[in-house]
Undergrad: 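Below is the structure I would like to discuss, written out as structure tokens.
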2 protein chains.
Amino acid sequence: MTPVKPRWLNAEQQRIWRSFLNGVARINERLDAELRSFGLDLGEYEILVHLSEADRHMLRMSDLAERVRQSRSRLTHTISRMESKGLVSRVACPSDRRGVNAIMTEMGYQLLVKAAPSHVDSVRRALVDRVDPADFEALGRAMEAVVRDPD
Amino acid sequence: MTPVKPRWLNAEQQRIWRSFLNGVARINERLDAELRSFGLDLGEYEILVHLSEADRHMLRMSDLAERVRQSRSRLTHTISRMESKGLVSRVACPSDRRGVNAIMTEMGYQLLVKAAPSHVDSVRRALVDRVDPADFEALGRAMEAVVRDPD
DNA sequence: GACAGGTTGTTGAACCGTAAACTAAACTGA
DNA sequence: TCAGTTTAGTTTACGGTTCAACAACCTGTC
């Protein structure tokens, strides 16, 4: 007979869970507010980061979608907007005629270069510098466990 | 002379930061997927939770907005939708004629009672049970530091 | 007691994300 | 070879969020 009763969170676990929800919201608020002054949101910023790290600043749409955890549909929309802002452009993929490569423009690269120091500083002020280093490492292990394998 | 050079994240810090972004996204995905089967999203669920904990299952709109970290405008829209689903209703506030109280209906309460065990189970499977207990506590301290005081 | 300034909550438009349907191309195997 | 399936990316419609403007009310001060 399998247990039917739900295993509630105890008071401590519940407190931590709510802190997590609050903390995540707070961090996102701060990062978004700061990036807005560059006309970017976190999603667009991450796209620029991943393109900047890629060979020839270019990635297949589906590959990029996975890296930034956006649905393909969402990425299509986001890239279209960024394209009309001149930050990226689209190139047909030579090896697979279904494929499309997103490629960062010089203007996109320059914007990233300009925004990055301020963004990193936000990440520090919102999280990294606020937290005890040992706790920060533990947070890393925790999140790696969350992302790891099944389901 | 103040330092101008940005203090970049070192490799370890960057790895942890990216794990954090990935982990948070993963957790939200899982929770939303599960709540969808009750016709709720995380925002609506949290509204029900906070109302259920309040005296007479009732809270001022602005108070509720703060607790669930939604803008007032967003809460107005969300509550309107939930009202038309029969989960909450609105009552004028006697002491302040600008005020509006959101109050949970019996139907809203019953939905919460039905959804809660499954939701708690998701929280466990997505985070609590996946993480070493000591790391989980560290995560709590980290998030409390994020939420605490200035800015 | 009136007015300046802040607060509460709503509105409507613009914007962004989601979901499903769809086109085109590439595999797969019989 | 070719029917069936899978994959890539886009399109469309819809729903939710944000933003700015607004009306109604409260609060303190002169």
Side-chain angles (χ1 to χ4, degrees), chain A residues 24-25 28-37 39-47 50-51 58-85 87-103, chain B residues 21 24-26 28-48 50-51 58-85 87-103:
Chain A
V24 168
N28 280 330
E29 257 171 40
R30 288 172 177 146
L31 299 192
D32 267 337
E34 180 272 327
L35 282 173
R36 189 153 44 248
S37 64
L40 293 170
D41 63 23
L42 193 52
E44 295 171 320
Y45 181 85
E46 284 195 301
I47 288 173
H50 283 274
L51 288 177
M58 191 164 91
L59 283 172
R60 282 287 291 271
M61 290 293 282
S62 54
D63 187 357
L64 180 56
E66 211 169 315
R67 292 184 202 224
V68 299
R69 307 172 307 279
Q70 295 192 10
S71 69
R72 293 179 181 196
S73 174
R74 177 176 171 188
L75 187 64
T76 293
H77 291 303
T78 309
I79 289 290
S80 297
R81 262 176 282 138
M82 293 176 78
E83 201 174 14
S84 72
K85 289 198 251 175
L87 303 177
V88 299
S89 57
R90 281 185 236 241
V91 193
C93 175
S95 59
D96 183 340
R97 279 190 300 169
R98 294 167 305 181
V100 172
N101 283 309
I103 182 168
Chain B
L21 291 174
V24 168
R26 216 51 176 298
N28 279 330
E29 259 172 38
R30 287 170 176 147
L31 297 192
D32 266 337
E34 180 272 325
L35 281 173
R36 190 154 42 250
S37 65
F38 296 95
L40 293 170
D41 62 25
L42 192 52
E44 295 170 321
Y45 181 85
E46 283 195 300
I47 288 173
L48 292 179
H50 282 274
L51 288 176
M58 192 164 92
L59 284 173
R60 281 288 291 273
M61 290 293 281
S62 53
D63 187 357
L64 180 55
E66 212 169 313
R67 292 184 201 224
V68 300
R69 306 171 308 279
Q70 297 192 10
S71 69
R72 291 177 184 199
S73 174
R74 177 176 171 188
L75 186 64
T76 293
H77 290 302
T78 309
I79 290 290
S80 297
R81 262 175 280 135
M82 293 176 78
E83 201 174 13
S84 72
K85 287 199 251 176
L87 302 177
V88 300
S89 56
R90 279 185 236 241
V91 193
C93 175
S95 59
D96 183 340
R97 277 189 303 168
R98 294 168 304 180
V100 173
N101 283 310
I103 182 168

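By convention in this document, chain letters (A, B, ...) are assigned in the order of the sequence lines, proteins followed by strands, and residues within each chain are numbered from 1. Just so it is clear, the values below take in all heavy atoms, side chains as well, and ignore hydrogens, waters and symmetry mates.
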Undergrad: Looking at A/Lys85 and A/Glu44, is any side-chain nitrogen of the basic one under 4.0 Å from a carboxylate oxygen of the acidic one?
TA: yes
Undergrad: Suppose we screen for salt bridge (charged side-chain N to carboxylate O under 4.0 Å, His left out). Which residues come up paired with A/Arg90, at least two apart in sequence or across chains?
TA: A/Glu83
Undergrad: Which distance, rounded to the nearest 0.5 Å, do you find between the CZ of B/Arg74 and the CZ of B/Arg69?
TA: 9.0 Å
Undergrad: Are A/Asp32 and A/Arg36 within salt-bridge range, i.e. N to O under 4.0 Å?
TA: no
Undergrad: Mind checking the CG-CG spacing from A/Asn28 to B/Leu21? Nearest 0.5 Å is all I need.
TA: 8.0 Å
Undergrad: Rounded to whole angstrom units, what separation is found between the CE atom of A/Met82 and the C1' atom of C/dG17?
TA: 16 Å
Undergrad: Atom CD of A/Gln70 and atom CD1 of A/Ile79: how far apart are they, to the nearest 0.5 Å?
TA: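 Taking CD in A/Gln70 and CD1 in A/Ile79, the distance rounds to 8.0 Å.
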Undergrad: Of all nucleotides in DNA chain D with an atom under 4.0 Å from a non-hydrogen atom of chain A, which is the first and which the last going 5' to 3'?
TA: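 The contacted stretch runs from D/dT7 to D/dC19.
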Undergrad: What string of B, S and - do you get for nucleotides 7-16 of chain C 5' to 3' if you count protein non-hydrogen atoms under 4.0 Å?
TA: BBSBBB---S
Undergrad: How about A/Ile47 and A/Leu87: do any of their side-chain heavy atoms sit closer than 4.5 Å?
TA: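 Counting from C-beta outward, A/Ile47 and A/Leu87 never come under 4.5 Å.
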Undergrad: Once you round to the nearest 0.5 Å, how far does CG of A/Leu51 lie from CD1 of A/Ile103?
TA: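 Answer for the CG-CD1 pair, A/Leu51 versus A/Ile103, is 8.5 Å.
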